[in-house]
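All heavy atoms count here, side chains included; hydrogens, waters and symmetry mates do not.
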Amino acid sequence: MLEFAEVQLHNRKTLFVEVILPLAISRNYTYRVPFEMNDAAVVGKRVVVQFGKSKLYTAIIAAISEHAPEKYEAKYIIEILDDAPVVTQRQLQFWHWLAEYYMCNEGEVMNAALPSALKLASETKVMLNREFEYDKTQLNDKEYLITEALDIQPELTVSDIVKLLGQKTVMPILKSLFEKNIITISEEVSERYKPRKKTYITLNPVYHNSDNRKELFEILEKRAPKQADALLTYLKLSRQQKAVAKNELIEESGAGESSIKSLIEKEVFFAEHKTISRLGYEEDDEAISNFTLSEAQQLALGEAQQYFEKKDVVLLHGVTASGKTQIYIKLIEEMIATGRQVLYLLPEIALTTHIIERLRIYFGGTIGVYHSRFNDNERVEVWQKVLRNEYKVVLGARSSVFLPFHDLGLIIVDEEHETSYKQYDPAPRYNARDTAIYLANMHSGKVLLGSATPSFETYYNARTHKYGLVELTERYGGVQLPLVEVVSISKELKQKTMQSHFTSVLMADMQLALENKEQVILFQNRRGYAPVLMCRVCAYTPKCINCDVSLTYHKHTTKLHCHYCGYKEDTPSVCPACGSTHLEYKGFGTEKVEDELSVLMPDVRLARMDLDTTRSRNSLQTILNNLEEKKIDILIGTQMVAKGLDFADVTVIGIINADSLLKYPDYRANERSFQMLAQVSGRAGRRGKQGKVVIQTYDPGHRVIKQVIENDYADLYFTEMEERKSFKYPPFYRIISVDVKHKNPEILYNQAEYLTNELRKHFGDRVIGPEAPLINRIRNYYIKTIMLKFERDSISVVKAKALMRDVITQFQTTKLSKGCIVQPDVDPY
DNA sequence: AGCACGCCGACT
DNA sequence: GTCGGCGTGCTC
């Protein structure tokens, strides 16, 4: 609180702030700044505001003005949370652009951009105002309860109070207490996340003497063999690494918490609690293992650098295992030498410790990592460090484009073709690759897109000289491309040489690999056990009650699951339609492949990698570690296995059924299939051995399969581009699709038709549809899709979007559209 | 997104 | 006669 005299010194301007609220609302709102906060009000800081009757939100100041809004009296902002902005001006500009480009609200962008710890109103701390005397008799029951609780416990969070009162709406009560000056509300970001402690074990120096150690060991072996094991493991681990963590020791030795505890009590071990960074690594870093670029890499690097003189974006098209990462590292080194920041984007799934470690060796403490497996405290930590310029390099997934960079000199987008760069579910439906190009431009920085199988959009831009194009056709270290063999499933079925889903060719190759102590990866583009349960008599198939999809049988739960809404039900033993007991599984997924293989090869160590087995925080890493440590012989997985796996001993890759990829009803199906198959194949026989890829298919003559065998990306590109052109698809046209949803199918049908006609009034035959998507009902909402195709180079897409926005807004004000959800998706995948 | 105001069914 | 269902409209 400022003294009266100080207030007088202030310039008593009346200030208003326009704030972005973390909500899906179409505009920003303006609040008044209390005089004493005038100086503290800065664009990019967070404020607490009341929005609506009772809700308090953390909002971001987007603009400050001295002019009062005309038509209403502005509410006051309640508090300014930050001493310095947490969002930069440039970010706000970026958010604004993103909302425009992807046709969503700034609030939705804010939600995607800010770690929730920076916007959680419910985690706000509440405490008593010590400087103020108040009369308890003046309080109502609930207010009294809160003050009583605060007498005992000086600090409560809003969610604590929710629990205390047993009701959800506590904000009005808190606000009234706040207004009566009884409580204060604060949110100190720096204290919001507590440093993580980790316990390290060290050996009592007495036992550095080998005689003492021997003596101890003999005693332990007799009396406490578990403890002896723990000691041995400790000695092994301490030889390998500088510090031994307690949890690691427990895991490695299998000794259990209690054994370690008694060793600590006996003063054999010392326990040391260290504060470590939540980001999972310590400061002490080994020296850098210096690599040298191959001639081809050197050449490619030089080309890229030359292009950067003239172009903002360069595509590095390098075959799998051509050593693109080393080129990235050189470019990063160069950029950080100039003092500018670098963002290295990777698909979520490729962000394994493998790549993180590799880069950490290079860049040590200046590299930050940011991805969705991080919890919020960790994300805030990275956010703050980027903001304070403590990180020069950030390695991250899609959402790291939202970090508060100051001076981004270079963005690398690895595996640029990856569809996971596009966010679909909550708006903003943004593509991190495209967004990165805009972001780099804002910083006058450069973008390097890397891929073995570039997206056609990118390749087109490169071929038409919008981007620089660097080709790297040689695999690093002279590793040969794998041998690809296509096997006809129908032929083997006729010959009766199939064993369950495996052709004799694949079986033989797997066996050979296993005999040589090598590893195998099997690729099946579908998770679950069997996609559907079907009645053999009446062909009945159980469907989800909320969605227009067949339920999938999952063996571990023995239930039928819906992959769209998570609905589960028990597997029926009789057909609910005709009463027949002849129910059978049709189709097959990763789980069934695993199951059948375990029957065919009972002694082989199998593992499965798909969405179901990698859901938890560390399970993916565990699978990868096991693979690396050769605890797995055969890994069966979905698309996940195609990404970022780089293991020396994987020599055979089996694609169980290529047709499931090829017959996808999507104009990108061929592009996708090629990418998929090329990526999967690229996993075979990297360091030093030629790998083998077996593609099982019903259609061995398929054009794309031929192109894969010949690794002929260019041929694929040219044939596909002809079709893209004639059928008005990207990259020649830009697509904006609009999903219309409603619980009632008839209303939806009429409204989608109406909206389509409205759009057609402006855009003519650029409007296609409405069409029912492949899955026309999800979570009880029926869906229709309207598609708009805009010529790439003629009418301004910016104008078109503005017009679309108007049409949609207009549509939503019509009474008939009640209950309709309209979701535009710009550049959909 | 929440929350209130508002108009139609099964209950003290 | 009310309690309460969620439909729709607004929030600076």
Which protein N or O atoms sit under 3.5 Å from an N or O of nucleotides 5-8 of chain B?
none

Can you measure [X] atom [atom1] to [N] atom [atom2] for me and round it to whole angstrom units?
{"X": "A:Tyr76", "N": "C:dT11", "atom1": "OH", "atom2": "P", "answer": "19 Å"}
{"X": "A:Ile25", "N": "C:dC12", "atom1": "CD1", "atom2": "C1'", "answer": "9 Å"}
{"X": "A:Tyr57", "N": "B:dA1", "atom1": "OH", "atom2": "P", "answer": "10 Å"}
{"X": "A:Ile77", "N": "C:dC12", "atom1": "CD1", "atom2": "P", "answer": "14 Å"}
{"X": "A:Asn744", "N": "C:dG7", "atom1": "CG", "atom2": "P", "answer": "12 Å"}
{"X": "A:Tyr29", "N": "B:dA1", "atom1": "OH", "atom2": "C1'", "answer": "12 Å"}
{"X": "A:Leu114", "N": "B:dA1", "atom1": "CG", "atom2": "P", "answer": "18 Å"}
{"X": "A:Glu108", "N": "B:dA1", "atom1": "CD", "atom2": "P", "answer": "8 Å"}

Original post:
What about A:Tyr72, does its side chain sit under 3.5 Å from the base of C:dC12 through a donor-acceptor pair?
Top reply: yes
In terms of side-chain heavy atoms, does [X] have a donor or acceptor partner in [Y] at a distance below 3.5 Å?
{"X": "A:Tyr749", "Y": "A:Gln751", "result": "no"}
{"X": "A:Tyr101", "Y": "A:Asp827", "result": "yes"}
{"X": "A:Asn105", "Y": "A:Ser26", "result": "no"}

Original post:
Do A:Phe790 and A:Phe763 make the cut of ring centroids closer than 6.0 angstrom?
Top reply: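 Aromatic pair counts; centres sit under 6.0 Å.
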Original post:
What nucleic acid atoms does A:Arg27 come within less than 4.0 Å of, heavy atoms only: base, sugar-phosphate, or nothing?
Top reply: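 Since a base atom lies under 4.0 Å of A:Arg27, the category is base.
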Original post:
Using centres under 5.5 Å plus planes under 30 degrees as the test, is A:Phe51 stacked with C:dT11?
Top reply: yes
Subject >> Test side-chain contact (heavy atoms from CB on, under 4.5 Å) applied to A:Val740 and A:Leu748, step by step >> reply: CA-CA 7 Å; A:Val740 187; A:Leu748 174 70; 3.7 Å; yes
